[in-house]
Every structure is written in C-alpha cells, then in structure tokens.
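Okay, so here's the structure we're looking at.
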Amino acid sequence: MRFYNSLTRRTEIFVPLDPERVRLYVCGPTVYDFAHIGNARPVVVFDLLFRLLRHRFGEGQVIYARNITDVDDKIVAAAATSGETIEQLTGRTARAFHDDMAALGALPPSVEPRATQAIAEMIDLIGVLIAKGHAYAAGGHVLFAAGSFPDYGALSRRGRDALLAGARIEVAPYKRDSMDFVLWKPSTGEQPGWDSPWGRGRPGWHIECSAMAWRHLGPVFDIHGGGLDLIFPHHENEIAQSRCAHGSGRMAQLWMHNGYVVVDGEKMSKSLGNVLTVRQLLAEGHSGEAIRLALLSGHYRQPLDVTRGKLREAKVQLDRFYGALRGRAVPAVAPPAAVLEALEEDLNTPKALAVLHALANRAHRGDAAATAALQSGGRLLGLLPAGPEDWFRGDAGAAAAEIEALVAARQEARRARDFVRADRIRDNLKARGIELEDGPQETAWRRA
RNA sequence: GGCCCGGUGGCAGAGUGGUUAUGCAGAGGACUGCAAAUCCUUGUACGUCGGUUCGAUUCCGGCCCGGGCCUCCA
C-alpha cells in the first residue's frame with residue numbers, strides 16, 4: 001500500500017515498523033461543542049484507513065489511538081457560558097461526539113485517551129525537555145525553545161525567517177524567542193489545574209498529543225493523522241516535543257492530512273461561523289451513511305464541498321447499491337481486489353466507489369458474484385452495513401402493518417382493474433413519503 | 001510579504017504522455033394498465049499562453065482565477 005506522506009511530500013510505500021503492531025494516532029476533538037462536518041471528515045477518513053489496515057494486517061494487529069482533549073481554554077469558556085461544570089460539559093460533548101461518529105459508521109478507536117488522564121505523562125515529558133535544555137520555565141509558564149530543535153519547521157516547510165516574518169500575534173513577554181510555544185501554563189483559582197514542579201497549572205495544547213501518543217504507541221510509531229490545519233503549529237510542535245524528549249529521529253514515519261471541508265468554496269470553521277454540525281444534518285433527515293458516503297466521495301486530500309445536494313446524491317447512490325442487494329442471498333466473501341487496490345493507492349475512495357458502481361451494475365443484471373463483492377467492498381468502506389429492507393423501509397414500526405395493508409388493497413384493486421382506486425392508494429402513500437415498486441410477483445415499498 | 005494547494009464535460013469527481021473513469025442530471029428506447037425500480041442507447045471535458053515531444057488534459061515555464069497556512073481551528 002502506498003500513501004502520501006506530508007513530511008516528505010511524496011507518495012511512499014507503507015511498511016509498518018512492526019507488522020504485529022501497526023500503530024496509528026489521530027488527533028481527536030476538543031470537547032466543547034457539537035462536532036461539525038469538518039470534524040467528521042478526519043474521523044471518517046482515518047476510520048477507513050483503520051479498516052484497511054485491519055484488513056491487511058489483521059484486526060488484532062492494528063492499534064488506533066484517537067484522543068479526546070478535555071482540558072482547554074475553550075472548554076473553560078464554554079462551561080462558563082453554559083453554566084455547567086467542566087466535567088458536565090466535556091462528558092456531555094464527548095457522548096454527543098461518540099453518538100454522531102457512530103451514526104457515520106466510524107468504529108471506536110482501539111484506545112481513546114483523555115488529556116486529563118495523561119497529566120503525569122505530560123509532566124514527565126516536560127521535565128525531560130527541561131533537563132535536556134529544550135524547554136525553560138519563565139513567569140509560571142514552561143516554554144519549548146523552538147530554536148533548540150534544528151528541524152523545527154520541517155513539516156510545515158517554514159524556515160525561521162518565515163515564521164518570524166509571519167508572526168501576527170503579540171509575543172508574550174516571558175518568551176525568549178517568538179517561536180517558542182507553551183508546554184505548561186499557570187492556572188488561577190477557578191481554572192482547572194494540577195500540581196506540578198512549576199506550580200499549579202495546566203498543559204499547553206500540543207503536549208497532550210505527544211504524551212498520549214507516547215503512552216499508547218511508544219516514542220516512534222507508524223502513522224500520525226489529522227486535518228490539514230493541524231500541520232502548523234500543532235503537528236510541528238508535537239514533532240519537536242516528542243523527538244527532543246525521546247531523542248528520536250522521527251515521531252511517526254508517515255504523516256497523513258485530510259483536506260478541508262468547505263462551504264461555498266470557503267473553509268468551514270468556527271471562526272467563520274459557517275459550520276454545519278453532523279447533528280443538524282442528521283436532524284434534517286440525511287442518514288449518517290449518506291453523510292459518510294458524501295465524505296468519501298472525494299479524495300481525502302482534496303477540499304470537499306459538503307452541500308445538501310451532495311448529500312442527496314449520496315443517498316441516491318446508496319439506494320442503487322442497496323437496490324442491487326435487495327431480495328438476494330448475499331454470501332460473505334473477501335473484498336474485491338479492485339476496491340482494495342484503489343484504497344491501497346493513497347485511499348482513492350472515488351475510484352473504489354466507481355468499482356462499487358460497476359459491481360452494482362452487474363449485480364442488477366443478476367450477477368451473484370458481483371452482488372456479494374458489492375456487499376463486501378462496501379463494508380470495507382464502512383458502507384452498506386444494513387440489510388436492504390432496513391435501508392429502504394427504515395424503522396417504520398407500527399406504520400409498516402398499515403402500509404402493507406394498503407399495498408394489499410391496491411393489489412386487489414389492480415387485479416380488479418380498478419386503476420383509479422389503485423392509483424389513489426399509491427398517490428396517498430406517496431404523499432406520506434412511501435414509494436411503491438411493482439415487481440412481477442409482488443409490490444415492494446420504500447421510503448423516498 | 002513568505003510558503004502551499006487546486007482549476008476536468010450541466011453538476012459532482014478520479015485518472016492518464018497516445019486507448020470509455022465513475023456517479024447524478026439530460027435525451028431516446030424497452031419493460032409497466034400508468035408509474036417506480038431495472039435494462040439498452042446516447043451528447044457534452046480537461047483555465048490560458050508558450051515550450052519539450054511523433055503526439056500533452058497528463059511534463060516544464062509564464063499568466064489568469066479560486067482556496068489555504070503564517071501560533072483559535074479537523
């Protein structure tokens with residue numbers, strides 16, 4: 001398999017450091033608000049990578065760590081606004097995140113460490129960094145001395161001059177150098193804080209990922225993923241912290257970054273106020289599976305414009321896939337080689353989906369092998385988990401029996417060649433969002 | 001200002017130095033009581049100007065346009 005490495009800017013053959021223990025780390029959410037579709041993209045993209053790695057190396061051989069950042073100034077601010085305690089807010093938001101990501105068909109990661117449970121490791125790392133001369137305490141803060149790490153800027157391709165020239169915020173007075181960044185900062189009374197050799201305080205944003213990745217995956221691991229916007233400063237700083245603390249030549253051998261979700265061509269972000277939450281889209285009636293398909297409809301490194309039209313189109317595509325599976329016995333088979341080949345070539349999901357469409361075409365024409373391959377290939381992508389009837393009918397519940405009765409009544413009318421009555425029944429059902437499909441023997445129904 | 005992406009047919013979206021991407025939408029036909037679903041057929045592409053080449057959408061350069069990063073961000 002080959003993946004594009006942000007660090008080298010080349011597509012490289014992936015060989016795990018230890019094939020018995022393939023290690024993937026992805027930066028997870030800061031839990032202070034509902035996940036937006038831009039937060040969902042890396043979750044879905046790296047969920048697919050996780051599935052692919054498990055398929056290739058074995059389910060028990062892949063460890064996927066995705067953190068939850070539950071200490072952060074945005075959380076403090078959000079809790080103050082909502083009147084909740086920090087624990088209430090982060091607990092509630094983390095649960096919502098889990099629900100939303102499950103709706104998108106994302107598997108839980110192997111481990112999901114929380115920043116507040118890795119404070120000891122962070123303090124250890126910071127202590128090592130100070131001892132090695134890569135960090136210093138000043139004004140109650142501990143700062144990383146960026147100048148002490150020659151490779152600083154390697155990931156984001158930014159030289160020292162560029163970093164200084166581009167600085168657009170005021171340099172805090174306790175920094176020796178404007179490039180330096182915070183590892184630990186002091187906490188006042190109400191702010192969450194932990195005792196440390198530098199006083200009561202809380203971690204900087206970047207150190208948590210270095211600590212959690214180290215704890216669960218070791219000092220050097222295989223793949224580090226996240227959104228494009230994390231390259232600088234977050235991942236740059238993670239690399240600096242981890243490599244300097246561990247004295248290693250690299251933190252991860254492969255860095256993968258997904259492109260932005262955009263709205264009308266502009267990046268979606270909280271600061272622009274154009275966010276679309278997963279929750280909102282689900283409430284509008286878009287299925288999580290359609291959202292997942294929409295997120296996979298473009299290559300992961302390209303910008304993705306998530307529009308309602310795209311979500312509707314994803315739904316139509318799923319209708320077609322499920323239609324090919326409908327009413328057929330589908331044995332479990334290995335995923336088709338063409339799907340695997342597409343995914344193993346830098347997660348080329350559009351190509352994999354094209355293969356699925358080709359299989360769906362053959363399946364519709366009655367090719368049983370293609371039907372099984374479609375199901376299997378879809379599941380590798382985290383799609384088509386449901387039975388076709390569940391997909392088409394949803395949880396109709398009590399309405400199902402009534403619909404069945406109406407369908408039977410219409411059949412009766414058709415047999416009597418009372419088409420006026422038959423069409424009236426069909427029209428009434430259609431008005432309720434139920435569409436009928438007359439087959440040779442019987443009539444199937446589905447939600448529009 | 002520095003650095004970095006991208007511009008493909010009505011829309012979405014892969015890919016390739018010469019051979020149909022694919023999906024949606026559109027058009028025609030089959031099936032159907034009529035539909036729906038399905039099947040068959042079908043049109044429209046590679047921002048722009050140069051260069052390299054037997055041949056460029058694909059490589060190189062200029063230009064135009066769009067987007068991003070430069071310590072909030074997935």
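All of these numbers come straight from a predicted model, not from anything done at the bench. Naming: A, B, ... by sequence-line order, numbering from 1 per chain.
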(message) What's the gap between B/C5 and B/U53 when it is taken at their P atoms, as a whole Å value?
(response) 27 Å

(request) Could you tell me whether A/Arg365 contacts a base, only the sugar-phosphate backbone, or nothing, with contacts defined as non-hydrogen atoms closer than 4.0 Å? (result) sugar-phosphate

(request) Please state how far atom CG in A/Asp180 lies from atom P in B/U71, giving the value in whole angstrom units. (result) 15 Å

(message) Rounded to whole Å, how long is the line connecting atom CG of A/Asn237 with atom P of B/C70?
(response) 12 Å

(request) Calculate the interatomic distance between A/Arg320 atom CZ and B/A12 atom P; express it in whole Å. (result) 22 Å

(message) Determine whether a donor-acceptor pair (one donor, one acceptor, N or O, separation below 3.5 Å) exists between the side chain of A/Lys267 and the base of B/C73.
(response) yes

(message) I'd like to check A/Leu24 versus A/Ile63 (side-chain heavy atoms, cut-off strictly below 4.5 Å). Are they in contact?
(response) no

(message) Suppose you measure atom P in B/G29 against the same atom in B/U22; what distance do you get, rounded to whole Å?
(response) 24 Å

(message) Taking the C1' atom in each of B/G15 and B/U71, what is the distance between them to the nearest angstrom?
(response) 38 Å

(message) Between B/C34 and A/Asp438, counting only base atoms on the nucleotide and side-chain atoms on the residue, is there a donor-acceptor pair under 3.5 Å?
(response) yes

(message) Is it the case that the side chains of A/Trp391 and A/Glu289 hold a donor-acceptor pair, with the cut-off being a distance below 3.5 Å and no angle test?
(response) no

(request) Find which nucleotide of RNA chain B each of A/Phe419 and A/Glu345 is nearest to by heavy atoms, and output the residue with the more 5' nucleotide. (result) A/Glu345

(request) Record whether the side chain of A/Glu313 comes under 3.5 Å of the base of B/G23 through a donor-acceptor pair of N or O atoms. (result) yes

(message) Classify A/Arg446 by what it touches in the nucleic acid, base, sugar-phosphate, or nothing, heavy-atom distance under 4.0 Å.
(response) sugar-phosphate

(request) Using a heavy-atom cut-off of under 4.0 Å over every strand shown, decide if A/Arg9 touches base, sugar-phosphate, or nothing. (result) sugar-phosphate

(request) Would you check if A/Gln191 and A/Arg202 make a side-chain contact, meaning some heavy-atom pair closer than 4.5 Å? (result) yes

(message) Output the rounded distance in Å from CD (A/Gln302) to C1' (B/C5).
(response) 8 Å

(request) Between B/A35 and B/G68, how far apart are the P atoms? Round to whole Å, please. (result) 48 Å

(request) Send over the distance from A/Tyr152 OH to B/C70 C1', rounded to a whole Å. (result) 11 Å

(message) Does A/Val26 reach a base, just sugar-phosphate, or nothing at all? Heavy atoms under 4.0 Å.
(response) nothing

(message) At 4.0 Å (heavy atoms only), tell me whether A/His299 reaches a base, stays on the sugar-phosphate, or touches nothing.
(response) sugar-phosphate

(message) Are the side chains of A/Asn258 and A/Phe46 in contact, using a 4.5 Å heavy-atom criterion?
(response) yes

(request) Output the residues of residues 421-431 of chain A in contact with RNA chain B, where contact means a heavy atom of the residue under 4.0 Å from an atom of the strand; sort by number or write none. (result) A/Asp423, A/Arg426

(message) Show me, range against range, the stems involving RNA chain B, built from at least 3 consecutive Watson-Crick or G-U pairs below 3.5 Å.
(response) B:1-7 with B:64-70, B:10-12 with B:22-24, B:26-30 with B:38-42, B:47-51 with B:59-63

(request) Check the angle between the aromatic planes of A/Tyr25 and A/His224 and answer parallel, tilted or perpendicular using the 30° and 60° thresholds. (result) tilted

(request) Could you work out the separation of B/G28 and B/C65 based on their C1' atoms and round it to a whole Å? (result) 38 Å

(request) Specify the separation, in whole Å, of atom CZ of A/Phe232 and atom P of B/A74. (result) 16 Å

(message) Taking the C1' atom in each of B/A25 and B/C73, what is the distance between them to the nearest angstrom?
(response) 36 Å

(request) Write down the distance between CG (A/Leu155) and P (B/G68), rounded to a whole number of angstrom. (result) 20 Å

(message) Rounding to an integer number of angstrom, what distance separates B/C11 and B/A74 when you compare their P atoms?
(response) 32 Å

(request) In whole angstrom, give me the gap between the P atoms of B/U16 and B/C70. (result) 31 Å

(request) Mind checking A/Gly323 for me? I need base, sugar-phosphate or nothing, with any heavy atom below 4.0 Å counting as a touch. (result) nothing

(request) May I ask you to say what A/Asn361 touches in the nucleic acid, namely base, sugar-phosphate or nothing, with a heavy-atom cut-off under 4.0 Å? (result) sugar-phosphate

(request) Could you tell me the separation between the CG atom of A/Leu436 and the C1' atom of B/U38, rounded to a whole number of Å? (result) 16 Å

(request) Could you please name the option among B/A12, B/A21, B/C72 that lies closest to any side-chain atom of A/Pro350? (result) B/A21

